[in-house]
Amino acid sequence: MGTTQVAARGGSWLIEDAPVDGVFTRERLDDEQKMIGRTAQEFTDGEATPALDRLEQKDWALARTLVRRAGELGLLATDVPEAYGGLDLDKISTIVVGEAVGRCASMATTFGAQTGLAITPILCFGTEAQRQTYLPRLITGEIVGAYALSESGSGSDALGARAKATRQADGSYTLNGEKMWITNGGFADLFIVFAKADGEQFSAFIVERGFPGVSSGKEEHKLGLLGSSTTPLILQDARVPAENLLGEIGKGHKIAFNTLNYGRLKLGAMCSGGARLAIEEAARYATQRKQFGKPIASFGAIRQKLGDMASRQYAVEAMLYRTAGLIEDMLEAGHEPERVLASLEEFAIESSILKVASSETLDFILDENVQIHGGNGFVRDYPAERHYRDARVNRIFEGTNEINRLLIPGMLARRAVKGGLPLIPAAKRLMDEIMSPPSMEPSAGAPLEAERRAVVGFKKVALMILGTAMQTFGDKLADEQEILLATADIIIDAYASESAVLRARQTGGLLHEAAAAVYVNDAAGRLEAAAKTALAAMAEGDALRTLLAALRRLLKVSPINTIALRRRLADATVERRTYLF
Ligand SMILES: Cc1cc2nc3c(=O)[nH]c(=O)nc-3n(C[C@H](O)[C@H](O)[C@H](O)COP(=O)(O)OP(=O)(O)OC[C@H]3O[C@@H](n4cnc5c(N)ncnc54)[C@H](O)[C@@H]3O)c2cc1C
């Protein structure tokens, strides 16, 4: 399917202008994509959410039934080629399904482990025999999969795993070790297990529960996601046949990291779906609940929250569908595993951006949802409390948000140095331009023209900070984590702002414009603070003064009346009692 996007490379948006019609937006979903989204939402709202109380009692037989049901509906098969019984849909459809399933976080976690963490590595790295053996049963939900990378001593430092695989004379492997926090651990039939062959070469294996020496530990007692199984996986002289080695010995890191690239994008979809639902709940509650003789939705304090929630969620969706469209464009010529891998790797930066932005936006929205519910937000009679607990882990798994923030400027800098992305010449041109800057005054002309110009400035700030950091620290940049975190925040806000403005300009309409304008205006303040923190740590005296003067010119954003715009968003949210977009 065509997304009408211009061929682009990961990170290139930072130095190139994207044409308004060149991005994919949620508003461009076609009938087929909407249909699978509706099917997924009916399944989630109609079957998974009503089962939550039993799932939270650890009724894993019911969890298996639900996975099977998702399989019957085709929801597990979107990424899988027809040769293995799959639907071979575009990646945008996968994102639509992820958003819908994200309305029930426990189910979404079970679902994500099955589709993202078990199916993806077998599809992309498995032999033909492995694909034929496992994929048809995984996509029907006949068998349930899990992904066993983390250990008690190695989470972020996944390559520091201690689990060991010893090759036997007959070519099989004996695995020993203990994996931790394994989603679906209590009932999965197969595990993608990472272990070091001969204690050194990080490798992946497809391990069936039925193999001798494989067992699960006890369920973890968690803060949230109580309806999703999380257990250790214990491997005691577990015998794994030679044909169950996944990929090559010593190449497990490629499997682990590429699986996570896709996992992060899909997590972005699930967080987005959870946020849409929470805004809906907040809107309904705020119209029903009366205090001082009026619905609380009539108070400016509540309207401000609803407006903020809508605006921030709008930007996340704009990034999500833009990124999925970019990936899909690279897959226009076909969905062969090698091409899928290349496209996921190409847009790994954007996937990390989405992972961080969507999980933090979701937490912001769920926190405000609890606040809007007042005391009712803190008790179990309303879903707000459960959502709040369930979401916290999104900032921890699929690479913590710290790790993902470090990856964003790190990957950009690597691409710049290797010449894949011409960031260095762009940064040089920018420094010349800063000395004689064009006017950044907003014009009163076309809608969002001031915001479009502001975004041009944001991207230049991102480039200036990244360029200065690379120049200042050279190959020691990785040691400057605080600078990298600030740089990541700027890059995230630049991508989010640009995506929101492009979406609003493409779609048109006062509400779209309000959502984008509020986001950009608020981002300008955040960007300024982050940029000043980074610059003050990298320069002093005249050099710092010059950089700060440049920053002021690049961030010349005139404040707009965001109170009025938030009210506009809130009023429409309240009137429709649902999320607007
Ligand atoms: C509910 C749940 C389900 C999970 N499901 C799975 C699963 O299915 N499969 C699986 O393999 N794993 C799973 N995990 C594990 C998860 O991926 C890890 O918890 C996560 O990667 C973080 O690792 P850690 O817990 O060891 O934290 P640590 O790595 O110890 O991190 C602790 C803190 O230090 C920070 N930190 C660590 N290293 C650095 C660094 N280099 N620079 C800066 N800061 C750093 C982190 O950001 C974090 O804030 C799950 C976890 C949970 C809670």
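Keep in mind that the numbers below use all heavy atoms, side chains included, and drop hydrogens, waters and symmetry copies. One-based numbering, in listed order, for ligands and for the atoms of each.
- For atom 30 (O) of ligand 1, the nearest protein heavy atom is 4.0 Å or more away.
- Nearest protein heavy-atom neighbour of atom 2 (C) of ligand 1: Phe397 CD2, 3.7 Å.
- Using a 4.0 Å threshold on non-hydrogen atoms, atom 22 (C) of ligand 1 counts as touching the protein.
- Not one N or O on the side chain of Ser272 forms a donor-acceptor pair closer than 3.5 Å with the backbone of Gly268.
- The protein atom (non-hydrogen) at minimum distance from atom 20 (C) of ligand 1 is Ile396 O, 3.5 Å.
- Residue Ala148 has no N or O atom closer than 3.5 Å to an N or O atom of ligand 1.
- Environment of OH in Tyr388: sparse, with no more than 12 heavy atoms of neighbouring residues, nucleotides or ligands closer than 6.0 Å.
- Protein heavy atom in closest approach to atom 52 (C) of ligand 1: Val393 CG2, 3.8 Å.
- Given atom 8 (O) of ligand 1, the protein heavy atom at minimum distance is Thr183 N, 3.0 Å.
- With hydrogens left out, the protein atom closest to atom 12 (N) of ligand 1 is Ser150 OG, 2.7 Å, a heavy atom.
- Within the set Leu484, Thr231, Thr400, Asp390, the minimum heavy-atom distance to atom 47 (O) of ligand 1 is found for Thr400.
- Checked for salt-bridge contact, Asp53 and Arg386 meet the test: a charged N lies under 4.0 Å from a carboxylate O.
- When all heavy atoms are compared, the tightest approach of Ser351 to Leu265 is OG-CB, 3.9 Å.
- Within a 6.0 Å sphere centred on NZ of Lys58, other residues, nucleotides and ligands contribute more than 12 heavy atoms.
- In this structure, atom 50 (C) of ligand 1 has a protein heavy-atom contact shorter than 4.0 Å.
- Distances from atom 34 (O) of ligand 1 to the protein include no heavy-atom value under 4.0 Å.
- The single protein non-hydrogen atom nearest to atom 43 (C) of ligand 1 is Gln481 OE1, 3.2 Å, given as residue, atom name and distance.
- Under a 4.0 Å N-O distance rule, the pair Arg103/Glu280 qualifies as a salt bridge.
- Of the listed options Gly116, Gly155, Ser156, Ser156 places a heavy atom closest to atom 28 (P) of ligand 1.
- Ring centers of Tyr147 and Phe194: under 6.0 Å apart, within the cut-off.
- No salt bridge links Arg162 with Glu178; every basic N to acidic carboxylate O contact stays at or beyond 4.0 Å.
- By the 4.0 Å N-to-carboxylate-O rule, Arg526 lies close enough to Asp493 to be salt-bridged with it.
- Between Tyr382 and His373, the distance from one ring center to the other falls under 6.0 angstrom.
- For ligand 1, the atoms closer than 4.0 angstrom to any heavy atom of Glu402 are 46 (C), 47 (O), 49 (O).
- Residue contacts with ligand 1 include Leu406, since one of its heavy atoms falls under 4.0 Å from the ligand.
- Counting protein heavy atoms only, atom 41 (N) of ligand 1 is closest to Ile403 CD1, 4.0 Å.
- Between the choices Tyr147, Phe191, Trp181, Phe194, the shortest heavy-atom distance to atom 14 (N) of ligand 1 belongs to Trp181.
- Under the 4.0 Å criterion applied to side-chain N and carboxylate O atoms, Asp198 and Lys164 are not assigned as salt-bridge partners.
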